[in-house]
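All heavy atoms count here, side chains included; hydrogens, waters and symmetry mates do not. Please read these numbers as outputs of a predicted model, since none were measured by experiment. Below, chains carry the letters A, B, ... as their sequence lines are ordered, and counting in each starts from 1.
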2 protein chains.
Amino acid sequence: MNKEKNFQGYLHDKGLKSTRQRDDIASYFLQQDKHFTVEELYNEIKKSDPQIGYATVYRTLKLLVDAELAVECQFSDGLTRFEPVHKGKHHDHLICLKCGKIIEFENDKIEQLQLEVAREQNFELTNHKCVLYGYCSRCKE
Amino acid sequence: MNKEKNFQGYLHDKGLKSTRQRDDIASYFLQQDKHFTVEELYNEIKKSDPQIGYATVYRTLKLLVDAELAVECQFSDGLTRFEPVHKGKHHDHLICLKCGKIIEFENDKIEQLQLEVAREQNFELTNHKCVLYGYCSRCKE
DNA sequence: AACGAAATTGATATTCATTATCAATATGAG
DNA sequence: CTCATATTGATAATGAATATCAATTTCGTT
Ligand SMILES: [Mn+2]
Ligand SMILES: [Mn+2]
Ligand SMILES: [Zn+2]
Ligand SMILES: [Zn+2]
């Protein structure tokens with residue numbers, strides 16, 4: 001698959017080594033479409049590799065972020081989550097404060113206006129996080 | 001001052017007590033226009049009240065957030081910051097990844113589009129955080 | 001295929017921010 | 001003023017994330 005090739009390339013370019021653990025973690029993670037807690041991913045990986053170390057999962061996620069194959073998300077529940085980057089497509093999030101539901105959205109107008117704001121401030125924009133909090137259709141009743 | 005009255009009213013309405021420590025912390029904090037780390041605020045308060053406890057600063061900030069007189073900010077440096085809410089005016093932030101500079105901005109169009117996004121998803125919006133990361137005019141060179 | 005320098009792993013210790021605990025003290029309604 | 005209740009501040013506990021390090025693995029080079 002393409003993204004796994006990207007990861008192999010990334011490792012090679014950085015002089016890092018391809019290992020069974022890294023490859024398993026990356027392979028599993030990149031195929032999913034979830035917002036993983038480190039613990040969630042650790043528990044998944046442990047099913048096929050009971051020996052996997054917690055630290056290795058942390059380290060591999062860090063590499064994936066550096067390789068731009070994952071992004072870190074901080075919603076306001078205190079937990080850090082990671083999600084795979086699919087097709088380089090950016091999106092932002094709506095978070096339900098009751099059930100924790102995560103909805104993704106893309107809005108080009110907002111993205112454009114953000115660029116404009118940055119330009120006005122003479123800022124060189126690298127990335128952004130836009131998170132909307134509230135209650136989902138089911139929870140607002 | 002108005003906001004301090006608000007805090008007194010909040011305490012009273014919640015059946016909480018007004019104390020020298022709370023009042024000093026709130027009074028100092030609400031007069032400033034900064035994004036305080038708990039430690040930063042603690043150190044400031046300690047100047048006039050060397051006996052102040054760290055936990056009391058945490059607790060008071062939590063109260064101020066609940067009273068909607070402060071908001072919590074998470075920029076990506078791992079530290080939680082608090083800023084006083086002035087005149088109920090909402091704003092978002094630009095963060096310089098090099099020098100840590102924090103620039104505030106208001107953009108009604110973005111706010112409107114966010115409401116629209118929420119409406120499309122049948123979400124009842126309560127608040128949002130929009131943070132733009134990059135390099136400020138001085139740091140981008 | 002074997003070697004060996006360098007990177008990686010996983011168990012564990014450590015750090016650091018935040019929360020919980022609790023005895024002593026302060027507050028404020030009646 | 002009294003007293004039930006809330007608060008304080010010192011400290012312990014928690015929990016996520018990082019650092020450490022000996023043992024193991026990888027991979028470019030022989
Ligand atoms: Mn997402
Ligand atoms: Mn601000
Ligand atoms: Zn919900
Ligand atoms: Zn800067």
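Interface remark: the Lys17(B) side chain does not form any donor-acceptor pair with the dA26(C) base, using a distance-only criterion of under 3.5 Å.
With distances taken from any side-chain atom of Thr56(B) to the nucleotides dA6(D), dT8(D), dA7(C), the minimum falls on dT8(D). Closest to the Leu79(A) side chain, of the nucleotides dG9(D), dA17(D), dA16(D), is dA16(D). Residue Ile52(A) places its side chain closer to dG10(C) than to any other of dG10(C), dG9(D), dT8(C). Residue Ala55(B) places its side chain closer to dA10(D) than to any other of dC27(D), dA10(D), dT7(D). For Tyr58(B), taking side-chain heavy atoms from C-beta onward, the closest of the listed nucleotides dT18(D), dT21(C), dT18(C) is dT18(C). Side-chain proximity of Val38(B) to dT18(C), dA7(C), dC27(D): nearest is dT18(C).
A straight line from CG of Asp24(A) to C1' of dT26(D) spans 15 Å, rounded to a whole angstrom. Atom CG in Asp77(B) sits roughly 13 Å away from atom P in dT18(D) (whole-Å rounding). Atom CD in Gln74(A) sits roughly 15 Å away from atom P in dA17(C) (whole-Å rounding). Here dT27(C) presents its P atom at 10 Å from CG of Asp23(B), a figure rounded to the nearest Å. Straight-line distance from the OH atom of Tyr42(A) to the P atom of dT9(C): 14 Å, rounded to whole Å. The separation between Leu16(A) atom CG and dT8(C) atom C1' is 10 Å, rounded to whole Å. In this structure, Arg81(A) atom CZ and dA17(D) atom C1' are separated by 16 Å, rounded to whole Å. Taking atom CZ of residue Arg20(B) and atom C1' of nucleotide dT25(C), one finds them 11 Å apart after rounding to whole Å.
The closest side-chain donor-acceptor pair between Gln8(B) and Ser18(B) falls under 3.5 angstrom. Between the side chains of His90(B) and Asn127(B), no donor-acceptor pair is found at a separation under 3.5 Å. Side-chain contact check for Ser137(B) and Gln121(A): no donor-acceptor pair (N or O, by modelled atom type) lies under 3.5 Å. At a cut-off of 3.5 Å, with distance as the only test, a side-chain donor of Glu83(B) or His35(B) sits close to an acceptor on the other residue.
For Thr19(B) and dA6(D), the shortest distance from a side-chain N or O to OP1 or OP2 is not below 4.0 Å. Between His12(B) and dG28(C) there is no side-chain N or O to OP1 or OP2 distance below 4.0 Å. Applying the 4.0 Å criterion to OP1 and OP2 of dT9(C), one finds that Arg22(A) has a side-chain N or O inside that range. For the OP1/OP2 pair of dA17(D) and a distance below 4.0 Å, the side-chain nitrogens and oxygens of Thr80(A) include at least one atom meeting the criterion. Considering only side-chain N and O atoms, Gln21(B) lies nowhere under 4.0 angstrom from the phosphate OP1 or OP2 of dT7(D).
No contact: Glu39(B) has no heavy atom under 4.0 Å from any strand.
If you find the closest nucleotide of DNA chain C to Leu63(A) and to Tyr54(B), the one lying nearer the 5' end belongs to Leu63(A).
The shortest distance between side-chain heavy atoms of Val85(B) and Leu69(B) does not fall below 4.5 Å. Within the 4.5 Å cutoff, the side chain of Cys96(A) has no heavy atoms near those of the Leu94(A) side chain.
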